[in-house]
Amino acid sequence: MPMKKRIAICPGSFDPITKGHLNIIQRASQLFDEVIVLVMVNPSKSNTAFTGAERVELARRVTKDLPNVTVDYFSGLLAEYASKVGACTLIKGLRAVSDFEYEFQMALTNKKLCPTLETMFMTTDLQYMYLSSSMVREVARFGGDISEFVCPEILADIQQRLSK
Ligand code: PNS
């Protein structure tokens with residue numbers, strides 16, 4: 001009998017995708033057969049700087065060299081999408097203890113909605129502990145250098161878009 005593919009989802013707002021996100025995605029891609037970077041709607045961040053289509057496009061550009069990684073968009077429940085594609089695991093990056101309470105609550109909610117779905121937390125690489133999409137947006141809006149924070153292939157587009 002053929003082995004069932006192990007599919008993981010890296011969900012998030014990705015507004016925009018950062019080097020910290022990519023680091024988690026790369027590491028997840030070494031652990032699973034397939035990784036889906038899922039651009040989603042976070043109801044508490046409804047006013048995104050980039051549209052869903054833009055966030056998907058930026059994520060596709062930075063993950064293009066990872067053969068088992070795809071990018072998708074979904075505006076519904078994460079647990080529903082995971083069941084639909086047969087994903088076994090959600091991967092979340094944890095930067096600090098402050099991330100934990102919210103992530104823990106989401107993990108338990110997702111488990112309640114889809115009992116076969118596990119959430120795995122990966123610790124962010126030390127060099128990206130401070131990094132967040134909101135920090136990238138703020139630095140870019142004030143004309144600061146964000147080259148340390150986002151991948152070179154999307155740097156100019158993000159800078160141009162946010163400095164307007
Ligand atoms: O990058 P973010 O904003 O921390 O990601 C949060 C996200 C988008 C993964 C979360 O808001 C989410 O899962 N949204 C989809 C709606 C959903 O399934 N909510 C129930 C889980 S608590």
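Numbers here simply count residues along the sequence, with the first being 1. First listed ligand is number 1; within each ligand, the first listed atom is number 1.
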Do any N/O atoms on Asn110 end up under 3.5 angstrom from N/O atoms on ligand 1? no
Which pair of heavy atoms, one from Val150 and one from Leu155, lies closest together, and at what distance? CG2-CD1, 3.7 Å
For the pair Glu34 and Lys5, find out whether any cationic side-chain nitrogen is under 4.0 Å from an anionic carboxylate oxygen. yes
Partner of Ile25 under side-chain contact (heavy atoms from CB on, under 4.5 Å), picked from Ile17, Ile36, Val71, is Ile17
Strictly below 4.0 Å, N to O, side chains only: are Asp125 and Arg27 in salt-bridge contact? yes
Which protein heavy atom lies closest to atom 22 (S) of ligand 1, and at what distance to 0.1 Å? Met106 CG, 3.5 Å
So is Arg55 actually on top of Tyr73's ring, under 6.0 Å and inside 45° of the axis? no
Is there any N or O on Thr109 that sits under 3.5 Å from an N or O of ligand 1? no
Per-atom contact, atom 7 (C) of ligand 1, protein heavy atoms, under 4.0 angstrom: no
Strictly distance-based, threshold 3.5 Å: is any side-chain N or O of Lys19 a donor or acceptor partner for the main-chain N or O of Ser147? yes
Quick one: which ligand 1 atoms are inside 4.0 Å of a heavy atom on Lys45? 1 (O), 2 (P), 3 (O), 4 (O)
Trace of the salt bridge (charged side-chain N to carboxylate O under 4.0 Å, His left out) decision for Arg61 with Glu57: CA-CA 6 Å; Arg61 269 153 65 190; Glu57 206 265 328; 2.9 Å; yes
Nearest heavy atom to atom 14 (N) of ligand 1 wins, so pick from Val41, Thr48, Leu78. Val41
Looking at Lys45 and Asp15, does any basic side-chain N land under 4.0 Å from a carboxylate oxygen? no
Distance-only N or O hit between ligand 1 and Ser13, under 3.5 Å: yes
Just which atoms of ligand 1 are under 4.0 Å from any heavy atom in Gly12? 1 (O), 5 (O)
Any idea which part of Gln105 is under 4.0 Å from ligand 1, heavy-atom wise: side chain, backbone, both or neither? neither
Nearest neighbour of atom 16 (C) of ligand 1 from the list Ser75, Gly76, Pro43, on a heavy-atom basis: Gly76
Nearest protein heavy atom with distance in Å, relative to atom 20 (C) of ligand 1: Leu77 CD2, 3.9 Å
